[in-house]
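Below: one structure, written as structure tokens.
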4 protein chains.
Amino acid sequence: MSNSPDPTRRSNASRQAILDAAAELIAEVGFRRLTIEAIAVRAGVGKQTIYRWWPSKGAVVFDALLALQHDADGLRIPESGDLGVDLRLLLRETAAGLVDPHLEEPYRAVLTEIQHDPVLVEELRERLLGPLLSATRDWIRRAQDRCQINAATDPAVVVDVLYGPLFYRWLLRTGPLDEDYLQALTAAVLPVITASSGPNPLRASVEGSPPVVAGIED
Amino acid sequence: MSNSPDPTRRSNASRQAILDAAAELIAEVGFRRLTIEAIAVRAGVGKQTIYRWWPSKGAVVFDALLALQHDADGLRIPESGDLGVDLRLLLRETAAGLVDPHLEEPYRAVLTEIQHDPVLVEELRERLLGPLLSATRDWIRRAQDRCQINAATDPAVVVDVLYGPLFYRWLLRTGPLDEDYLQALTAAVLPVITASSGPNPLRASVEGSPPVVAGIED
Amino acid sequence: MSNSPDPTRRSNASRQAILDAAAELIAEVGFRRLTIEAIAVRAGVGKQTIYRWWPSKGAVVFDALLALQHDADGLRIPESGDLGVDLRLLLRETAAGLVDPHLEEPYRAVLTEIQHDPVLVEELRERLLGPLLSATRDWIRRAQDRCQINAATDPAVVVDVLYGPLFYRWLLRTGPLDEDYLQALTAAVLPVITASSGPNPLRASVEGSPPVVAGIED
Amino acid sequence: MSNSPDPTRRSNASRQAILDAAAELIAEVGFRRLTIEAIAVRAGVGKQTIYRWWPSKGAVVFDALLALQHDADGLRIPESGDLGVDLRLLLRETAAGLVDPHLEEPYRAVLTEIQHDPVLVEELRERLLGPLLSATRDWIRRAQDRCQINAATDPAVVVDVLYGPLFYRWLLRTGPLDEDYLQALTAAVLPVITASSGPNPLRASVEGSPPVVAGIED
DNA sequence: GATTAAACGAGACGGTACGTCATGTCTTCTA
DNA sequence: TAGAAGACATGACGTACCGTCTCGTTTAATC
């Protein structure tokens with residue numbers, strides 16, 4: 001007694017028209033004023049056709065974003081062997097996606113939607129973020145193998161340190177993601193991820209300051 | 001010929017009731033299903049009283065968040081002189097706010113709303129983010145004066161590197177913000193911001209890789 | 001590029017429910033406190049369904065009134081050949097409608113609404129008043145053919161003289177529309193409409209008073 | 001423990017400004033879209049000053065109408081002794097008020113309001129209609145004394161027959177109240193009210209048709 | 001002339017209903 | 001028989017007014 005439709009009978013023309021219409025409209029009016037009805041009209045499609053195949057407006061936008069990214073061929077992780085060069089390229093490509101006129105609004109919309117939609121966050125993890133993050137983690141691990149990145153650091157943490165600052169500035173709009181910024185960010189982040197060799201008195205305080213840590217770890 | 005209401009005649013009881021109701025409701029049903037009507041009913045207030053004083057639902061939630069924060073006395077920036085200790089405390093306090101049962105939903109809501117509301121982003125900059133960020137930047141500058149942080153790095157970039165990873169993980173829900181994570185993040189971030197003195201071959205590649213940089217800097 | 005809905009797809013169940021609810025509510029609370037929202041709730045119908053098919057609250061009540069009248073089978077014009085008898089029957093049937101517990105309020109509401117709504121007055125003319133008045137005028141003409149009514153008088157004027165006094169008393173509530181009144185009114189009106197035979201000095205003054213008439217006819 | 005205000009301290013300037021504003025606004029936007037707030041603003045008066053002295057919007061308009069009528073000096077009942085002349089003058093003056101550009105809308109508004117407001121209908125009876133109707137009835141009685149009007153007819157019925165047709169046409173907008181109509185109406189109505197002496201076969205049927213009347217009077 | 005109490009203007013308030021909009025479901029017609 | 005078209009019940013939107021309720025500010029009448 002399943003009510004789910006038969007995917008083999010799905011009209012691909014309709015699917016494509018819907019994603020195109022969604023992409024166009026989100027660029028025109030933004031996510032807040034984007035409506036299912038408008039998408040249906042623009043796509044020349046019945047509303048039910050949208051409701052049949054997507055659970056929410058956010059899911060449509062998410063799929064539209066994926067389609068746009070495929071057109072742009074996605075994020076490639078550079079690997080020249082030179083960590084500084086690779087890092088700059090990686091950050092630049094990431095930033096380029098965030099400020100791309102066609103992609104920025106959908107990105108913000110998806111980021112927005114996952115805050116309140118557990119289904120969509122799962123979707124995002126599996127189909128957009130997951131591949132990207134695991135590729136990044138592999139890239140990090142290889143750099144660790146080459147002793148370019150401190151092997152003691154969890155790759156997941158390195159990922160946060162790489163992408164986090166970029167997203168933070170982008171989301172809070174505290175400044176532009178221009179070349180100057182990327183340059184400064186790369187210079188600042190690079191030492192974090194490089195192998196730490198000599199003793200570092202500050203670092204020591206983190207690992208060993210007993211009274212504070214005791215209080216903290218309660 | 002101004003149509004704006006007279007703030008001196010504003011009912012403080014209504015204002016407080018509205019903020020309380022908003023805080024309660026956002027915790028109960030989340031931001032998406034939060035409605036102005038429900039806030040008005042819960043607060044025992046006419047809808048117009050909300051529309052008179054706030055331009056949008058997001059603005060109400062933002063004020064409710066500010067009020068909650070004031071109750072919690074806000075974020076204090078620690079300054080023991082030990083950079084590692086201070087950094088951990090700072091990150092821990094920040095993270096504590098993000099995962100506080102009363103604050104998490106409002107935080108996500110505000111973060112969400114500023115993506116699509118230029119007025120609110122300005123409000124946020126002035127009244128929530130601004131004070132916090134400038135305090136953080138001052139803290140950084142003092143640490144730079146003590147030669148605990150590389151004086152060549154723009155404090156704004158340091159801010160991004162400090163808070164960015166935390167927000168990134170929190171927004172994308174790629175993992176918990178628990179003590180283990182904060183410990184690892186502190187350990188990873190600390191070297192970024194400490195003064196780098198000796199020659200660093202990787203750093204050199206960032207500053208000097210001619211062919212790539214040439215292409216980039218066009 | 002028409003935005004008007006397709007009448008062939010109209011839900012007749014909703015239509016009937018709306019008219020019934022309107023009739024009930026107007027009897028319960030009167031026209032002034034009758035609201036579209038209450039009609040929608042009582043009818044188990046969305047407000048939009050009302051707004052889709054009727055332009056105003058008055059129009060709904062008007063249709064409700066028409067439906068009630070159809071149930072009561074409307075006004076029949078009697079024609080026994082005896083003018084006095086017919087006239088009394090006509091006035092009595094008219095008065096019966098005006099004081100019917102189910103119809104009085106809707107009648108007053110419609111009369112009220114047409115004072116301020118040109119669209120509704122047209123509607124009224126075509127669908128309620130028109131048929132009644134033209135039937136009455138035909139009835140008058142046949143009586144004139146039988147020389148029971150002065151053939152020189154415009155049937156439209158006769159109509160006013162027939163119905164006007166009744167409506168006047170009903171609208172201004174200057175007295176009851178009971179049998180005594182109908183009896184007196186019939187007795188008074190009958191001579192108006194009967195063929196005038198003998199010379200009438202007063203009548204003469206109307207037709208011949210030169211100075212006054214001169215001033216009037218300018 | 002009376003809450004009613006002290007009439008001796010009433011501001012006459014405000015009273016007049018309110019009535020003027022009401023008269024202006026009803027001419028501009030009609031009664032339906034007339035609001036107390038708009039009257040208050042236009043009159044430069046606080047809303048409470050209106051609510052303090054009038055129980056309803058209809059009451060304000062009623063007073064505004066009375067004031068307008070006083071300016072126009074009201075309806076004088078002509079009495080030349082020639083019934084036909086007097087009747088024409090009376091109908092003409094009545095009709096003139098109904099179609100006066102300044103008075104028509106307020107008249108319709110008041111007529112409308114009394115349908116649903118028992119307080120106002122009483123007010124109307126006492127202050128507007130009452131004096132007019134009793135004057136008319138006196139006029140009729142004097143004509144009856146002069147044997148110009150059938151003394152057997154109740155003056156109240158005569159009043160209805162006089163004014164009713166005019167109001168009927170005016171309210172239902174079935175035709176203009178121009179000189180031609182007034183001429184025809186006068187000619188038609190005059191015989192009703194004149195003394196009928198000789199035998200009238202139709203009249204007889206009214207008074208004596210047993211079978212029909214019997215059925216009716218049950 | 002100072003006091004004082006009520007009417008006044010202004011307008012914020014808790015409400016109700018408005019008419020519109022978008023949602024997600026359901027039905028009808030068409031390819 | 002899937003899909004377009006769109007009517008439907010639902011319910012929130014933001015607005016307009018309602019009638020009540022403070023607020024100072026006149027404005028008379030009393031002291």
Side-chain angles (χ1 to χ4, degrees), chain A residues 3 5-6 8-11 13-14 17 33-41 43-57, chain B residues 3-11 13-15 17 33-41 43-53 55-57, chain C residues 3 5-11 13-15 17 33-41 43-53 55-57, chain D residues 5-15 17 33-41 43-53 55-57:
Chain A
N3 279 352
D6 177 355
T8 66
R9 307 199 49 177
R10 182 168 189 180
S11 156
S14 292
R33 279 176 298 176
L34 176 68
T35 67
I36 299 269
E37 303 221 334
I39 296 173
V41 169
V45 139
K47 277 199 295 177
Q48 197 57 42
T49 303
I50 300 180
Y51 284 111
R52 185 161 20 240
W53 300 108
W54 284 275
S56 69
K57 190 173 67 174
Chain B
N3 278 354
S4 53
D6 178 354
T8 67
R9 303 193 50 181
R10 184 168 189 180
S11 156
S14 293
R15 189 191 120 88
R33 277 176 299 174
L34 177 67
T35 67
I36 298 269
E37 303 220 335
I39 295 174
V41 169
V45 139
K47 275 201 292 178
Q48 199 58 48
T49 301
I50 300 181
Y51 286 112
R52 187 177 299 122
W53 301 109
S56 67
K57 189 175 67 173
Chain C
N3 278 354
D6 177 355
T8 66
R9 307 195 48 180
R10 183 169 187 178
S11 156
S14 293
R15 188 190 121 88
R33 278 176 299 175
L34 177 66
T35 67
I36 299 270
E37 303 222 333
I39 297 174
V41 169
V45 139
K47 276 199 294 178
Q48 199 60 52
T49 301
I50 300 180
Y51 285 112
R52 181 158 28 236
W53 301 110
S56 68
K57 189 174 69 174
Chain D
D6 177 354
T8 66
R9 307 199 48 177
R10 182 170 188 178
S11 156
N12 198 57
S14 292
R15 189 191 119 89
R33 277 177 298 176
L34 177 67
T35 67
I36 299 270
E37 303 222 333
I39 296 173
V41 169
V45 138
K47 278 198 293 178
Q48 195 66 262
T49 301
I50 300 181
Y51 286 111
R52 180 157 30 233
W53 301 110
S56 68
K57 188 174 69 172

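Within every chain, numbering begins at 1; the chains are lettered A, B, ... in the order of the sequence lines, protein sequences first and strands thereafter. Keep in mind that what you see is a predicted model, and the values were worked out from it rather than measured.
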Got a list of side-chain donor-acceptor pairs under 3.5 Å for residues 6-13 of chain D, not counting sequence neighbours?
unit_1	atom_1	unit_2	atom_2	d
D:D6	OD1	D:T8	N	2.8
D:D6	OD1	D:T8	OG1	2.7
D:D6	OD2	D:T8	OG1	3.1
D:S11	OG	D:S14	N	3.1
D:S11	OG	D:S14	OG	3.1

Could you tell me which residues satisfy side chain to side chain donor-acceptor pair (under 3.5 Å) with D:W53, sequence neighbours excluded, listed by chain and number? none
With a 4.0 Å cut-off on heavy atoms, is B:R10 in touch with a base, just the backbone sugar-phosphate, or nothing at all? sugar-phosphate
Look at the side-chain N and O atoms of C:S14 and state whether any lies under 4.0 Å from the OP1 or OP2 oxygen of F:dA9. yes
Length of the line joining D:I39:CD1 and F:dG19:C1', which is rounded to integer Å: 14 Å
Using a cut-off of less than 4.0 Å, is there contact between a side-chain N or O of A:R52 and OP1 or OP2 of F:dG3? yes
Sugar-phosphate, base or nothing in reach of A:W54, heavy atoms under 4.0 Å: nothing
If you count every heavy atom of other residues, nucleotides or ligands that lies below 6.0 Å from C:R33 atom CZ, does the total exceed 12? no
Estimated bend of the helix from E:dG1-F:dC31 to E:dA31-F:dT1 (axis per five terminal pairs, rounded to 10 degrees): 10°
May I have the distance from C:R15 (atom CZ) to F:dA9 (atom P), rounded to whole angstrom? 15 Å
According to a strict under-4.0 Å criterion, is D:W53 in side-chain N/O contact with OP1 or OP2 of E:dC8? yes
Criterion side chain to side chain contact (heavy atoms under 4.5 Å, CB included) on A:I36 and A:W54, from CA distance to verdict: CA-CA 11 Å; A:I36 299 269; A:W54 284 275; over 6 Å; no
Taking 4.0 Å as the cut-off, does a side-chain nitrogen or oxygen of D:S11 come that near to OP1 or OP2 on E:dA7? no
Quick one: B:D6 CG to E:dC13 C1', roughly how many Å, whole number? 14 Å
Check the distance between E:dC18's P and C:I50's CD1 and give it to me in whole angstrom. 9 Å
List the residues meeting salt bridge (charged side-chain N to carboxylate O under 4.0 Å, His left out) with A:K47, not counting sequence neighbours, and say none if there are none. A:E37
Testing the basics here: between A:G46 and A:A40, what is the closest heavy-atom pair and its distance to 0.1 Å? C-CB, 4.3 Å
Letter per nucleotide, 5' to 3', of nucleotides 21-29 of chain E [B base touched, S only sugar-phosphate touched, - untouched; heavy atoms, 4.0 Å]: BSBBBBB--
Restricting to nitrogen or oxygen on both sides, can you table the protein-nucleotides 1-4 of chain E pairs closer than 3.5 Å?
none

Partner set under side chain to side chain contact (heavy atoms under 4.5 Å, CB included) for B:A43, not counting sequence neighbours: B:A17, B:I18, B:A21, B:V45
